[in-house]
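Working notes, beginning with the structure itself.
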Amino acid sequence: MASAKELKDRIKAVQETKKITNAMYLISSTKLRRAKVDLAQTRPYFDALRDEIGRILRVGNEYQSRYFFNVDGTPPEGGVRGVLAITADKGLAGAYNVNVIREAERLVRESPDAMLFVVGEYGRRYFAAHYDGMVYLRGAQSPTLDGARTLCTQLLDLYDEEKLCELTVVYTDMKNSLTSSVLTHRLLPLDRRSFDAAPGEGCRAELEFIPSEDAVVRGVMRSYLSGFLYAALLDSYCSEQNARVTAMDAANVNAQELLGTLSLQLNRSRQAAITQEITEISAGAQAQKNKRKKGGARA
């Protein structure tokens with residue numbers, strides 16, 4: 001059994017660690033609430049952009065663009081596959097980062113010539129050690145719409161230059177506070193069938209494209225992709241904070257259980273030491289008593 005001093009030192013270390021995990025739990029809880037509000041505010045804008053793209057495709061159903069699959073269902077030509085993996089900047093978030101990395105690795109194995117883009121310091125450190133040619137874009141903390149627009153510009157320029165023929169995003173979707181899952185979404189080219197919802201009254205009117213249909217589609221697509229990336233960054237950020245809240249809560253529970261076990265061991269150690277001291281005192285007193293008896297007998 002460990003000594004009382006060793007148990008006290010370990011209890012102190014666990015208590016200090018518990019303070020850190022509890023602080024991280026509170027910080028992540030606050031960040032999660034704020035990120036949820038931001039994510040909810042992006043959805044109406046994103047849905048409106050999808051509706052506008054659907055209107056454009058319904059009016060110009062023969063419209064050809066590299067942003068969409070061809071009318072016959074074939075993908076555009078030119079370039080390689082691009083994979084964008086959204087990870088966190090830090091660890092201590094359970095399996096959050098590992099799940100994204102595994103899915104991104106699977107996509108890269110399917111397309112050995114694929115270009116790998118990474119968001120998040122955790123993913124950068126991992127992929128830099130395992131893959132040549134990895135492109136680090138930005139950190140994952142505090143996602144903003146301006147940051148998403150910059151990210152969109154970097155990726156869209158490569159797509160417009162025909163260096164990419166497809167762009168797939170790997171991120172984590174938080175369905176609720178208990179469930180998160182890794183999603184793989186093909187961002188470019190878009191499938192026309194996904195915009196084939198039945199048009200409403202406002203969608204049946206003819207559209208006039210100024211200065212041209214290509215210019216309008218480019219502008220709308222840039223906004224659409226920026227909005228999607230912003231939503232993906234926020235969704236991943238929410239999932240990260242939720243995973244960290246869960247991990248830190250589990251760490252707090254484990255620390256409390258460990259403190260209980262160590263406290264019990266410390267009490268037992270103290271009781272054993274007290275029992276030993278009492279035994280030694282009793283044995284010494286008995287020895288002195290026996291000695292006095294022997295001395296009296298001799299006299």
Side-chain angles (χ1 to χ4, degrees), residues 46 49-50 53 56-57 60 63-87 100-140 143-171 182-195 211-233 236:
F46 185 69
L49 286 173
R50 284 188 60 86
I53 293 175
I56 293 172
L57 291 178
Y63 175 71
Q64 295 283 358
S65 171
R66 288 195 81 247
Y67 298 133
F68 302 95
F69 279 97
N70 297 323
V71 177
D72 58 3
T74 58
E77 299 179 354
V80 300
R81 186 181 197 180
V83 177
L84 172 63
I86 301 178
T87 64
V100 174
I101 287 173
R102 286 177 179 173
E103 181 63 17
E105 286 182 318
R106 182 187 69 81
L107 295 176
V108 171
R109 284 195 298 269
E110 291 178 355
S111 304
D113 59 345
M115 293 182 65
L116 178 61
F117 305 94
V118 178
V119 170
E121 182 64 22
Y122 192 99
R124 184 197 68 79
R125 290 196 301 268
Y126 177 84
F127 288 115
H130 294 82
Y131 292 91
D132 295 330
M134 180 272 301
V135 180
Y136 178 64
L137 297 177
R138 68 184 301 274
T144 63
L145 185 55
D146 286 339
R149 286 170 178 160
T150 302
L151 186 61
C152 173
T153 299
Q154 292 174 289
L155 297 172
L156 205 54
D157 287 347
L158 292 174
Y159 190 81
D160 290 338
E161 294 170 2
E162 297 189 6
K163 294 181 179 179
L164 297 177
C165 65
E166 179 181 327
L167 179 60
T168 302
V169 183
V170 182
Y171 68 101
V182 176
L183 296 183
T184 301
H185 183 86
R186 187 186 63 250
L187 192 54
L188 288 172
L190 296 175
D191 189 352
R192 294 171 181 266
R193 293 173 297 180
S194 63
F195 298 92
S212 66
E213 190 169 6
D214 281 339
V216 172
V217 169
R218 283 179 178 274
V220 173
M221 285 301 301
R222 189 170 293 272
S223 298
Y224 174 80
L225 298 178
S226 297
F228 185 93
L229 289 174
Y230 181 50
L233 290 171
S236 295

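Only this structure's heavy atoms are used, side chains among them; waters, hydrogens and symmetry mates stay out. Positions are given from 1 along the sequence.
- One distance of note links OH of Y159 with CE of M221; it measures 8.0 Å at 0.5 Å rounding.
- Contact detail for T87 and A140: the closest heavy-atom pair is O-CB, 3.1 Å.
- Screening V118, V119, V170 for a side chain to side chain contact (heavy atoms under 4.5 Å, CB included) involving L84 leaves a single residue, V119.
- Using a 4.5 Å heavy-atom cutoff, the side chains of L187 and T168 are not in contact.
- Atom CD1 of I86 sits about 10.5 Å away from atom CG of L183, to the nearest 0.5 Å.
- In this structure a side-chain-to-backbone donor-acceptor pair under 3.5 Å is present from T144 to G147.
- A salt bridge is absent between R66 and D160; no separation between the charged side-chain nitrogens and carboxylate oxygens falls under 4.0 Å.
- Closest of all the heavy-atom pairs between S226 and L145 is O-CD1, 4.5 Å.
- Minimum interatomic distance between Y230 and P143 (heavy atoms only, all atoms of both residues): CE1-O, 3.8 Å.
- Between A85 and F127 the shortest heavy-atom distance is CB-CE1, 4.4 Å.
- Aromatic rings from H185 and F228 are positioned such that their centres are separated by under 6.0 Å.
- Taking both residues in full, the closest heavy atoms of A114 and V83 are given as CB-CG2, 4.5 Å, listed atom of the first, atom of the second, then distance.
- With rounding to the nearest 0.5 Å, the separation of CG in L188 from CG in L156 is 6.5 Å.
- Atom CZ of R81 sits about 5.0 Å away from atom CG of L107, to the nearest 0.5 Å.
- In this structure, M115 CE and L155 CG are separated by 9.0 Å, a value rounded to the nearest 0.5 Å.
- For the atom pair OH of Y67 and CG of L225, the computed distance is 8.0 Å after rounding to the nearest 0.5 Å.
- Comment: R102 does not engage E105 in a salt bridge, judged by the lack of any side-chain N to carboxylate O separation of less than 4.0 angstrom.
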